Amino acid sequence: MRSRPLSVTLTGWLFIAAGAVGLAYHAGDMTAGTAIRFEAVWVLLLRLLAVLIGIGLLRGARAARWLALLWLTYHVGLSVFHDAGELIAHVVLLALVAYLLFRRDAETFFRRARSAAGPLSPPA
């Protein structure tokens with residue numbers, strides 16, 4: 001059994017929690033009258049992606065690290081259109097997550113997870 005670093009565990013659960021809370025919060029935004037709102041569908045898909053990224057991090061999927069950074073970078077881009085405090089918070093969060101997911105112990109964990117699964121075998 002491989003040992004998952006605490007930094008990866010916390011980051012994975014952070015993404016799962018952020019996605020789940022966002023899904024619950026925005027689920028009521030799906031309809032405006034009888035029409036489905038595209039913006040609400042997009043937000044829900046992004047929140048679902050956060051949950052999947054978190055699960056991927058916990059399972060040791062290397063791609064989940066990059067998706068986590070892309071997800072947060074997207075939010076930094078959105079924050080440019082909001083107040084400076086939100087932008088700073090997202091930039092700091094992006095830097096923190098990048099640090100946590102690319103530390104030496106995290107790199108070792110993701111490398112072992114990939115080699116244990118083999119190149120063509122599905123994740124365990």
Side-chain angles (χ1 to χ4, degrees):
M1 174 148 193
R2 59 186 189 248
S3 175
R4 183 185 323 118
L6 181 61
S7 61
V8 175
T9 302
L10 293 176
T11 306
W13 281 109
L14 174 70
F15 270 85
I16 291 170
V21 168
L23 280 170
Y25 179 79
H26 291 289
D29 297 341
M30 275 298 289
T31 59
T34 58
I36 294 178
R37 296 182 40 214
F38 174 75
E39 298 86 16
V41 172
W42 179 247
V43 169
L44 291 175
L45 287 175
L46 284 174
R47 296 303 185 162
L48 179 61
L49 180 60
V51 171
L52 296 175
I53 289 169
I55 293 169
L57 290 172
L58 295 177
R59 294 186 70 189
R62 292 175 67 104
R65 294 190 304 170
W66 294 104
L67 287 171
L69 293 182
L70 284 173
W71 193 88
L72 280 168
T73 301
Y74 175 77
H75 282 79
V76 167
L78 288 178
S79 298
V80 168
F81 302 107
H82 298 113
D83 61 60
E86 187 176 332
L87 175 61
I88 292 169
H90 279 107
V91 168
V92 168
L93 188 59
L94 173 62
L96 179 63
V97 167
Y99 170 74
L100 292 174
L101 293 181
F102 287 89
R103 291 167 29 126
R104 183 173 307 225
D105 58 344
E107 179 63 37
T108 302
F109 166 71
F110 286 107
R111 191 175 323 116
R112 282 188 194 151
R114 182 173 183 181
S115 64
L120 298 176
S121 60

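In this text the structure is predicted, and so the values were computed from the model without any measurement.
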Indicate the atoms forming the closest heavy-atom contact of [X] with [Y], along with that distance.
X     : Y      : value
Leu46 : Trp71  : O-NE1, 2.9 Å
Leu44 : Leu23  : O-CD2, 3.5 Å
Val51 : Ala20  : CG2-N, 3.6 Å
Ser7  : Arg103 : OG-NE, 4.1 Å
Ala68 : Phe15  : CB-CZ, 3.6 Å
Arg47 : Ala18  : NH1-O, 3.3 Å

Is it the case that one hydrophobic cluster holds both [X] and [Y], taking links as side-chain heavy atoms less than 4.5 Å apart, direct or via other members?
X      : Y      : result
Phe81  : Ile88  : no
Phe109 : Trp66  : yes
Leu69  : Leu100 : no
Leu57  : Leu96  : no
Trp13  : Leu6   : no

Check whether any side-chain N or O of Arg65 sits under 3.5 Å from a backbone N or O of Leu101 as a donor-acceptor pair, and report yes or no.
-> yes

Contacts of His90 that satisfy ring-ring contact (aromatic ring centres under 6.0 Å, His included) - sequence neighbours left out | His75

As an exercise, state the distance from [atom1] of [X] to [atom2] of [Y], rounded to the nearest 0.5 Å.
X      : Y      : atom1 : atom2 : value
Glu107 : Arg62  : CD    : CZ    : 5.0 Å
Phe110 : Asp105 : CZ    : CG    : 10.0 Å
Thr11  : Leu72  : OG1   : CG    : 9.5 Å
Ile55  : Ile16  : CD1   : CD1   : 5.0 Å

With a cut-off of 6.0 Å (strictly less than), are more than 12 heavy atoms of other residues, nucleotides or ligands near CZ of Phe102?
-> yes

Are the side chains of Leu58 and Val8 in touch, meaning some heavy atoms are under 4.5 Å apart?
-> no

